[in-house]
Amino acid sequence: MPELPEVETVRRGLNRLVKGATIASIEVRWPKIINNDVDSFKSRLIGQTIERVDRRGKYLLFRFSDGLTMISHLRMEGKYNVVPANEGQDKHTHVIFHLTDDRDLLYNDTRKFGRMTLVPTGEEVTVAGLKTIGPEPTENDLTVAYLTDIFSQSKKMIKPLLLDQSKIAGIGNIYADETLWMSKIHPMRPANSLTDDEIVVLRQSIIDEMARAIKGHGTTVHSFSTFGETGKFQNQLHVYGHEGEPCERCGSLIEKIKVAQRGTHFCPHEQQL
DNA sequence: CAGAACACCTGCCGGC
DNA sequence: TGCCGGCAGGTGTTCT
């Protein structure tokens, strides 16, 4: 469920469903998901109440009553579900938070890539990933001056740069392709070759696209739903998953290539090197 | 230090 | 049908 809009959708769902809930006990079936010592992770959380869930980039931050924060990253396939006690588990359920109100908060993850880390609130910044995370893709945080600065200092291709979480938080493979298409910029353009105008357009595309995707409850690729809410944003994608189909603006066929090991979709007519 | 390659996992799809 | 390679919305580590 991975990019920023999907994580934000999960965050809102969690706040709706488990804010104020208290942990009765915890089962960990795949210990590698927990970055802490598993016994200490469990014992410190038992009896704690979820005060709220925050987000930074693609990281969820569960704020607990006793000054603890559980950092949760879903990576490729992590999902949360809230179910009646002892229901809804399957072979991909790896962590179960039994709540005191006869419900369970389940963490499911087909590929087991997701990770959870428990830290004292305020020490999030010591965790790899959050240590170096860049600004949120919002009007206030992502300034033209900042982008101009980081782009001018890098010869790297623009697409892998957009995916670099230490430069901008929250962009993933889908929205990188979508925002480059909207900005008519080839994914392999060196970052320092972008003109001032292109930077302004790309910045606005990123900010607007993230906001639109959040409004649409994110993109659902494998027909999974989040707390009963299926993201609808996949209906608004222009290039991702549309290889071989005509570009909506010019009719040229969308191509799929590999850029820095990632599948990359673009319009060869409007996005030129 | 930047950048690339690889590691971590499972499921699904297409080709033979 | 079965096996095999390749691919998937991500990031942390290790090696140049």
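Numbered from 1 within each chain, the chains take letters A, B, ... in sequence-line order.
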Are A:Glu198 and A:Arg189 within salt-bridge range, i.e. N to O under 4.0 Å? yes

Test your reading of the model: is there a side-chain donor-acceptor pair from A:Tyr146 to the backbone of A:Lys167, 3.5 Å cut-off? yes

Closer than 4.0 Å, any side-chain N/O of A:Lys258 to the OP1 or OP2 of C:dC7? yes

Tell me: CG of A:Leu74 to C1' of C:dT11, nearest whole Å? 13 Å

In Å and rounded to the nearest 0.5 Å, what is the CG to CD1 distance from A:Leu237 to A:Ile174? 6.0 Å

For C:dG12 and A:Tyr59 - does any side-chain N or O of the residue sit under 4.0 Å from the phosphate oxygens OP1/OP2? yes

Contact under 4.0 Å: A:Gln165 side-chain N or O vs C:dG10 OP1/OP2: no

Determine whether a donor-acceptor pair (N or O, by modelled atom type, separation under 3.5 Å) exists between the side chain of A:Glu8 and the backbone of A:Ile214. no

Step by step, would you call A:Phe97 with A:Tyr80 a ring pair (Phe, Tyr, Trp, His ring centres under 6.0 Å)? CA-CA 10 Å; A:Phe97 299 89; A:Tyr80 282 101; 7.0 Å; no

Would the distance check show the side chain of A:Asp141 and the main-chain N or O of A:Pro135 forming a donor-acceptor pair, the cut-off being under 3.5 Å? no

Scanning all shown strands, the Watson-Crick or wobble mate of B:dC9 with both distances under 3.5 Å is none

By the Watson-Crick or G-U definition, both distances under 3.5 Å, C:dT1 is matched with none

Its contact letters, B for base, S for sugar-phosphate only and - for none at protein heavy atoms under 4.0 Å, make nucleotides 9-15 of chain B read BBS----

Integer-rounded Å distance: C:dT11 P and A:Ile171 CD1: 11 Å

For the pair made of CG in A:Leu130 and P in C:dT11, what is the distance, rounded to whole Å? 11 Å

To the nearest angstrom, the CG-C1' distance between A:Leu163 and B:dG3 comes to 14 Å

So what does A:Lys155 touch, heavy atoms closer than 4.0 Å: a base, only the sugar-phosphate, or nothing? nothing

Between A:Phe266 and A:Val239, is any pair of side-chain heavy atoms under 4.5 Å apart? no

Just the rounded figure in Å: distance from P of B:dG3 to CE of A:Met157. 10 Å

In terms of the nearest nucleotide of DNA chain C, which residue is placed more toward the 5' end: A:Gln261 or A:Gly129? A:Gln261

Whole-Å gap separating C1' (C:dG12) and CE (A:Met76): 14 Å

Any side-chain N or O of A:His73 under 4.0 Å from OP1/OP2 of C:dT11? yes

Between CG of A:Asn35 and P of C:dT11 the distance, given in whole Å, is 14 Å

To the nearest Å, give me how far apart OH (A:Tyr175) and P (C:dG10) are. 10 Å

Quick one: is A:Lys256 getting a side-chain N or O under 4.0 Å of the C:dA8 phosphate, OP1 or OP2? yes

For the student: nearest non-hydrogen atoms of A:Asn173 and A:Glu3, plus distance: N-OE2, 3.4 Å

Whole-Å P distance, C:dG5 and B:dA7: 16 Å

Regarding A:Gly263, tell me which of base, sugar-phosphate or nothing describes its non-hydrogen contacts under 4.0 Å with the strands shown. sugar-phosphate

Please give the distance between the C1' atoms of B:dC12 and C:dT11 as a whole number of Å. 23 Å

Can you find a side chain N or O atom of A:Lys156 that sits less than 4.0 Å from OP1 or OP2 on B:dA2? no

